[in-house]
Number of protein chains: 2
Amino acid sequence: MRITKSDVIQTAADIADKNGLSNVSLKAVAESLNIRTPSLYNHIDSLEALLREIAHNGMKTMNERMMQAAIGKIGDDAIKSVGITYLNYMIEHPGIYETIQWATWHGTEETGKIFDNYLSLLKTLALSCNFNPVNIDEILNLLTGVLHGYTTLQLRYAFTKPDEVRTALSSALDTVLAGIHQKYDQHEKEHL
Amino acid sequence: MRITKSDVIQTAADIADKNGLSNVSLKAVAESLNIRTPSLYNHIDSLEALLREIAHNGMKTMNERMMQAAIGKIGDDAIKSVGITYLNYMIEHPGIYETIQWATWHGTEETGKIFDNYLSLLKTLALSCNFNPVNIDEILNLLTGVLHGYTTLQLRYAFTKPDEVRTALSSALDTVLAGIHQKYDQHEKEHL
DNA sequence: TTATTTTAACTAATGTAATTAGTAAAGTCA
DNA sequence: TGACTTTACTAATTACATTAGTTAAAATAA
């Protein structure tokens with residue numbers, strides 16, 4: 001009977017996934033929870049703040065899943081595994097992902113911090129590829145860019161043909177990693 | 001004194017660029033035009049429809065600029081030139097670009113058609129690279145993904161350091177194209 | 001257990017914005 | 001000129017988000 005902040009966020013996220021971000025309203029959330037709209041203000045500051053919480057929760061969950069996916073792997077393998085996990089989350093939670101994109105434009109420092117955690121994971125994995133560390137930021141920008149752009153543009157197909165899109169993403173990452181290797185691999189021959 | 005549909009869209013697009021998509025309201029647009037809010041309904045069907053028109057206009061303008069940028073060029077050069085043009089438009093019109101992203105989720109058939117025109121341009125350019133035509137769709141998905149993702153994620157830096165980001169994008173495209181060449185180049189030796 | 005404090009619900013009221021209906025003036029065309 | 005269309009207007013409706021003030025239940029401390 002008693003509702004927690006976490007309940008509110010979960011309910012809102014479910015509405016986003018089912019009906020899209022534009023159908024998330026305090027009214028709809030309150031109805032789902034069987035309380036009156038103003039009661040939500042005991043848990044949240046505003047609709048905007050709620051949307052940010054949805055995004056932050058989603059980003060954190062993604063980060064956790066991606067870390068799990070990377071365990072026991074290094075190099076290209078690890079990066080591709082993380083990429084597939086990223087895509088899978090989008091397929092499972094399109095509404096949350098839409099909210100995350102919204103937060104790209106309406107984010108706060110907190111948003112930036114969570115994104116940094118994601119960058120930090122990818123950085124560790126990229127370094128395990130033995131790329132020249134000098135270029136690591138360049139490489140990171142490219143990897144995050146591909147991942148975000150590719151998955152976003154393929155999402156519409158991902159619902160009907162998830163396996164095809166997963167395979168295609170893996171192949172696309174192979175291609176990009178090939179380019180990165182060609183350009184940024186450390187040449188250790190100097191020490192022979 | 002008399003207002004046209006085009007005026008309405010332009011005004012709304014300007015507000016988006018100056019104050020962000022979330023500040024585009026019929027009220028704000030009407031005030032900018034010095035008319036009453038309901039009068040806007042003589043030109044548009046709804047707020048949503050207006051936002052879609054902003055996006056469509058922007059996409060068409062981008063397509064035109066990219067075609068211009070590709071004239072007289074082929075191969076990697078042409079693709080990089082188009083990419084820089086894409087980035088430049090985003091820097092100039094962040095609000096319109098935000099609306100275009102919104103239209104990714106709330107688009108219609110029309111939205112798809114305009115996007116197809118963009119794909120068609122890139123396809124022509126990609127074919128001028130002498131990649132194996134069999135893989136052209138794969139290549140296209142990768143190129144559009146990189147372009148969209150990379151520019152979106154770098155946009156925040158692009159306002160303060162546009163030249164750096166432009167150079168970085170060009171370099172990122174080089175890397176991706178290197179990977180694509182390695183994997184998909186036609187080997188014409190067969191005919192020797 | 002009892003008293004105190006906090007939490008989280010409620011109703012009532014306000015303000016903003018989108019949308020619809022109905023109307024009048026100004027421009028277009030026969 | 002007269003019929004018709006376009007585009008503006010005012011008035012009214014609706015849907016939300018948000019604030020204020022109140023109350024009852026739950027949590028905590030004595």
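Just so it is clear, the structure is predicted and the values come from calculations on it, not from any experiment.
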What is the distance, rounded to the nearest whole Å, between atom CD1 of A:Ile3 and atom P of C:dC10?
8 Å

Can you pull every protein N or O that's under 3.5 Å from an N or O on nucleotides 25-28 of chain C?
none

Any chance NZ of B:Lys183 has more than 12 other-residue heavy atoms, nucleotides or ligands included, within less than 6.0 Å?
yes

Starting from P on C:dA17, measure out to CG on B:Leu50 and report it in whole angstrom.
16 Å

Send over the distance from B:Asn42 CG to D:dT10 C1', rounded to a whole Å.
14 Å

With A:Ala78, which residues qualify under side-chain contact (heavy atoms from CB on, under 4.5 Å), at least two apart?
A:Lys73, A:Leu125

In sequence, state the C-alpha distance, the side-chain angles, and the governing distance for A:Lys5 and A:Leu50, and then conclude on side-chain contact (heavy atoms from CB on, under 4.5 Å).
CA-CA 10 Å; A:Lys5 178 168 189 171; A:Leu50 173 59; over 6 Å; no

Would you list the protein and nucleotides 18-20 of chain D atom pairs, both N or O, that sit under 3.5 Å from each other?
unit_1: D:dT18; atom_1: OP2; unit_2: A:Tyr41; atom_2: OH; d: 2.6
unit_1: D:dT18; atom_1: OP2; unit_2: A:Leu47; atom_2: N; d: 2.9
unit_1: D:dT18; atom_1: O5'; unit_2: A:Tyr41; atom_2: OH; d: 2.8

Below 4.0 angstrom, which residues in residues 5-21 of chain B have at least one non-hydrogen atom near DNA chain D?
none

Ion pair check, A:Lys113 and A:Asp116, cut-off under 4.0 Å:
no

Assign A:Ser39 to base, sugar-phosphate, or nothing according to its heavy-atom contacts below 4.0 angstrom with the strands shown.
base

In terms of side-chain geometry, is the basic nitrogen of B:Glu110 or B:Arg52 positioned less than 4.0 Å from the acidic oxygen of its partner?
no

Nearest-Å distance, CG (B:Leu33) to P (D:dT7)?
13 Å

Does atom CD of B:Glu164 have more than 12 heavy-atom neighbours, drawn from other residues, nucleotides or ligands, at distances under 6.0 Å?
yes

By ring pair (Phe, Tyr, Trp, His ring centres under 6.0 Å) - contacts of A:His148 (at least two apart)
B:His148

Check the distance between D:dA17's P and A:Lys27's NZ and give it to me in whole angstrom.
9 Å

Using the side-chain hydrogen bond (donor to acceptor under 3.5 Å, both in side chains) criterion, which residues pair with A:Tyr86? Sequence neighbours excluded.
A:Tyr97

With side chains defined as the heavy atoms from C-beta onward, is the minimum distance between B:His43 and B:Ser6 less than 4.5 Å?
no

Find the distance B:Ile35:CD1 to D:dT7:P and express it as a whole number of Å.
11 Å

Can you tell which of B:Asp14, B:Thr61, B:Asp17, B:Leu21 makes a side chain to side chain contact (heavy atoms under 4.5 Å, CB included) with B:Ile96?
B:Asp17

Rounded to whole Å, please give me the gap between CD1 in A:Ile44 and C1' in C:dT7.
16 Å

In whole angstroms, how far is the C1' atom of C:dT16 from the CG atom of B:Asn23?
14 Å

Could you tell me whether the side chains of B:Thr37 and B:Lys27 share a donor-acceptor contact shorter than 3.5 Å?
no

According to a strict under-4.0 Å criterion, is B:His43 in side-chain N/O contact with OP1 or OP2 of D:dT6?
no

